Amino acid sequence: MIDISIQELKKAYDDGVDILNGLSFDIQAGEHVGILGRNGCGKTTLFRILSGEIGYDDGAVSIAGGKRLGLISQIPVYPPEYTTEDVLKTAHERVFAIGRRMEALTEKMAEDASQEVLDEYDRLTAAFERMGGWDVDHARSRVANGLDIPQAMRERLFSQLSGGEKTRVNLARLILEDTDILLLDEPTNHLDLRATQWLEDYVLHFRGTVLAISHDRWFLDTVARRCIEIVGGRAAFYPGNYSFYVQEKARREEEQRRKYEKEQAEIERLTATARKMHEHNTEHLNKRAFSIEKRIERIRTTQRPEQEKQLKARFRERDFFGDEVLYLEGVSKSFGEKKLFENVELLVTGEDRIALLGDNGAGKSTLLKIIMEEETPDSGHFYKGPTVKTAYLPQIIHFEHPERSLYDTMLYETGCDPQTARDRLGQFHFQGDEVFKSVSALSGGELSRLRLCMLMRSDLNFLILDEPTNHLDIASREWIEDAVEDYGGALLFVSHDRWFIERFANRIWEMRGGTITDFRGRFTEYREYKARQQVFAHSAQNAPGVPKAAAPVQKQKKNAPNRDKQLARVEREIARVEARLRELDAESELHASDYQKLMELEEERTARNGELDALYEQWEALSE
């Protein structure tokens, strides 16, 4: 069954340019589809058309009858006295209406217990149960907690929330409404990592239809089962997730390039032949030349492939002497009664690339500001190595003179000469007359790009980034990643972009509950570690020390302490072996050109993996 059908859809704005120019596709019921394309290609316009917010010029749009559609980018206007809780409750208006009618019927049955009244009550009771009427309070709390909407926010007036908070609440409302078709337009923009993972899990298990626009490549990779890219107002189809799209698009572009070059070579050969025939200027040869020229026109079937702009900027690195880049000792910080972190002790060395993770409000940006001496810790101290030169990209970009042009900003704030200013701006795709645009006219992503452009001038060896890919589309994120990839110094960054984290972090700091967990390894390894910790915690809660109804209490008391000790010992051994395996991976990278050493490391890795398998078997046996 088809939920959404788009046929030859056209839409132009006042400038007369067709943003959608014959867009056609069908979405089957239950499909999860990623909608891709450059900024301005028409993705959000498509969603606004589907939701009925705007009209279209030509074509046909069809939504399956009876299907309820919700668009996350739309935030309805509510009465000024509505709290966040009131907004969330609007998702269950139909349930509450049925409940009120059931109460009225209950009172009526005391006087009139006719069959008609009883039948209506039975129908309403069945509908109330089917719609989860007895569970609406629990459902509301479950979704609110998952999307980081705490009780304090639920009690506040909705009108007083920030734009990001309103977006989260609206997303929660749509989920609670149990719509059949979800249109998600950048749903993760205002979510922290934990809330993003919760939403991801919800979408994965959502049985309805999902169309998602997102710059979060990890999210797209996880939830999308196929992708539709809008190119030139039309649809290109990719039967897979985002990773498949990237590989398949590269393959198609390479195939198009080869076909184009082959056609151009043939056209060049035929053109030379026709020119020679014309030079002889005989009737017979001229006819043949005209025939060849018609053939040339028939050959021109392949468009020249567009060359994606590549960021050519590169961070310049300063020589670093010594192992210690940064040392934090006993650092604590509170705001009023809220304690962000306490007694933090951490060491950063020259080869560390650290992702600082944590929920919104946990204190990540505050810690970075302390390191940059923009905030003062309540206690403790820190120091940087004597040859450390730091560059910092804050989350909120601010320029002292936003009225200046990009060109003047580079000249005044970096002290470079005019040609260097133009060259550096050009490397970050600020070209032509665009360099004379006022800084105040830049978008959030462009501000980040300009600030990074200015950082590139420094010979730095410690780079600190606070949400570097925020406000950036996928292409801009990839540009930034290319620049960071070429940087070889120490890196400390805050990010909710899991694609970015996985690519760059070799160490994870997770800030939670006032402490920082320091994990040496990649993001996927940290996720696996966290998953095992949850399993261990669940196992501890259900340890043999807790009496089971069918088991003799005396036997439980006798065996539980011994089994708990064995379980703890096995878990310590597992942690030890896993740590050694990570060390082996690091040593393999260090000795990549030493074949003999690599063979020795591989032998130990095989032995350690066997040891780990045996430990897991022991753990499973003890956990039963």
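Keep in mind that what you see is a predicted model, and the values were worked out from it rather than measured.
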Taking C-beta and beyond as the side chain, do D466 and F493 meet within less than 4.5 Å on heavy atoms? no

Checking the side chain of D352 only, and the main-chain atoms of T349 only, is there a donor and an acceptor separated by less than 3.5 Å? yes

Would you compute the distance between atom CG of L270 and atom CE of M277 and round it to the nearest 0.5 angstrom? 9.5 Å

Just checking R251: does its CZ atom have more than 12 heavy atoms from other residues, nucleotides or ligands closer to it than 6.0 angstrom? yes

Applying side chain to side chain donor-acceptor pair (under 3.5 Å) to H205 and E200, what does each step give before you reach the verdict? CA-CA 9 Å; H205 294 90; E200 200 171 84; over 6 Å; no

Is any side-chain heavy atom of L368 closer than 4.5 Å to a side-chain heavy atom of V494? yes

Between T167 and N189, is any pair of side-chain heavy atoms under 4.5 Å apart? no

Is the number of heavy atoms from other residues, nucleotides or ligands within 6.0 Å of CD (E248) greater than 12? yes

Any idea how W198 and Y202 line up, ring-wise: parallel (<30°), tilted (30 to 60°), or perpendicular (>60°)? parallel

Does the E31 side chain pair with the main chain of Q28, one donor and one acceptor, at a distance under 3.5 Å? yes

Measure from the side-chain N and O atoms of D192 to the backbone N and O of D359, and report whether any donor-acceptor pair falls under 3.5 Å. no

Does E253 pair with R257 as a salt bridge, N-O distance under 4.0 Å? no

Donor-acceptor pair, side chain of E186 and main chain of H215, under 3.5 angstrom: yes

Checking side-chain contact (heavy atoms from CB on, under 4.5 Å) for the pair K262/K259: CA distance, chi angles, key distance, verdict? CA-CA 5 Å; K262 184 178 179 180; K259 186 177 180 182; 5.7 Å; no

Would you say CZ of R295 has more than 12 non-hydrogen atoms from neighbouring residues, nucleotides or ligands within 6.0 angstrom? no

Straight-line distance of E177 CD to L69 CG, nearest 0.5 Å: 11.0 Å

Quick one: does any side-chain atom of T420 pair with a main-chain N or O of C416 as donor and acceptor, under 3.5 Å? no

Should Y242 and W499 count as side-chain neighbours, where that means a heavy-atom distance under 4.5 Å? yes

Taking E8's backbone N and O only, do any of them form a donor-acceptor pair with S24's side chain (distance below 3.5 Å, no angle check)? yes

Sub-3.5 Å donor-acceptor pair from the side chain of K364 to the main-chain atoms of G358, do we have one? yes

Supply the atom-to-atom distance E293 CD to R275 CZ, rounded to the nearest 0.5 angstrom. 10.5 Å

Do the side-chain N and O atoms of Q419 and D423 include a donor-acceptor pair separated by under 3.5 angstrom? yes

Are the side chains of I4 and I181 in touch, meaning some heavy atoms are under 4.5 Å apart? yes

Would you say the ring centroid of W509 lies under 6.0 angstrom from that of Y526? no

Give every residue pair that meets the ring-ring contact (aromatic ring centres under 6.0 Å, His included) criterion with at least one member in residues 257-277, sequence neighbours excluded. none

Run L50 and L71 through side-chain contact (heavy atoms from CB on, under 4.5 Å) and show every step you take. CA-CA 9 Å; L50 287 172; L71 172 60; over 6 Å; no

Kindly determine whether Y13 and T45 satisfy side-chain contact (heavy atoms from CB on, under 4.5 Å), including the steps that lead there. CA-CA 10 Å; Y13 288 108; T45 297; 2.9 Å; yes

Quick one, S214 with T188, criterion side-chain contact (heavy atoms from CB on, under 4.5 Å). Give me CA distance, side-chain angles, the key distance, then yes/no. CA-CA 8 Å; S214 181; T188 65; 4.1 Å; yes

Once you measure the plane-to-plane angle for H32 and F206, does it fall in the parallel (<30°), tilted (30-60°) or perpendicular (>60°) bin? parallel

Is the shortest distance from a Lys or Arg side-chain nitrogen in R477 or E481 to a carboxylate oxygen in the other one below 4.0 Å? no

Would one find more than 12 heavy atoms of other residues, nucleotides or ligands at under 6.0 Å from atom OH of Y529? no

Check ion pair K11-D18 (N to O, under 4.0 angstrom): no

Check for me whether R449 meets the cation-pi criterion with F430, that is, NZ or CZ under 6.0 Å from the six-membered ring centre and within 45 degrees of the ring axis. yes

Distance-only, no hydrogens or angles: does the D216 side chain make a donor-acceptor pair with backbone N or O of F219 under 3.5 Å? yes

Using a 3.5 Å distance criterion without hydrogens, assess whether the side chain of R194 forms a donor-acceptor pair with backbone atoms of L191. no

Taking the six-membered ring for Trp, are the ring centroids of F523 and W218 within less than 6.0 Å of each other? yes

Only pairs at least two apart or in different chains count here, so list each salt bridge (Lys or Arg N to Asp or Glu O under 4.0 Å) that has a residue in residues 54-69. D3-K67

Do the side chains of R522 and R582 get nearer than 4.5 Å, heavy atoms only? no

To the nearest 0.5 Å, what is the distance between CD1 on I6 and CD1 on I228? 9.5 Å

Do R226 and Y238 have side-chain heavy atoms sitting under 4.5 Å apart? no

Answer yes or no for K294 and F290: cation-pi contact, defined as NZ/CZ to six-membered ring centre under 6.0 Å and angle to ring axis within 45°. no

Polar side chain donor-acceptor pair, Q7 to S5, under 3.5 angstrom: yes

Any ion pair linking E485 and R503 (charged N to carboxylate O, less than 4.0 Å)? yes

Residues, nucleotides or ligands: over 12 heavy atoms within 6.0 Å of K437 NZ: yes

Short side-chain to backbone donor-acceptor contact, T209 and G30, under 3.5 Å: yes

Reported CG-to-CG distance for the pair L46 and L9, which is rounded to 0.5 angstrom: 7.0 Å

Working to the nearest 0.5 angstrom, can you tell me the gap between L447 CG and L452 CG? 11.5 Å

If the test is side chain to side chain contact (heavy atoms under 4.5 Å, CB included), which one of L356, I501, I354 qualifies with I508? I501

In terms of side-chain heavy atoms, does H496 have a donor or acceptor partner in Q197 at a distance below 3.5 Å? no

Any salt bridge linking E261 with R258? Criterion: basic side-chain nitrogen under 4.0 Å from a carboxylate oxygen. no

Any side-chain heavy atom of E528 within less than 4.5 Å of one from E578? no

Can you sort out the partners of R269 under side-chain hydrogen bond (donor to acceptor under 3.5 Å, both in side chains), two or more places apart, ordered by chain and number? E266

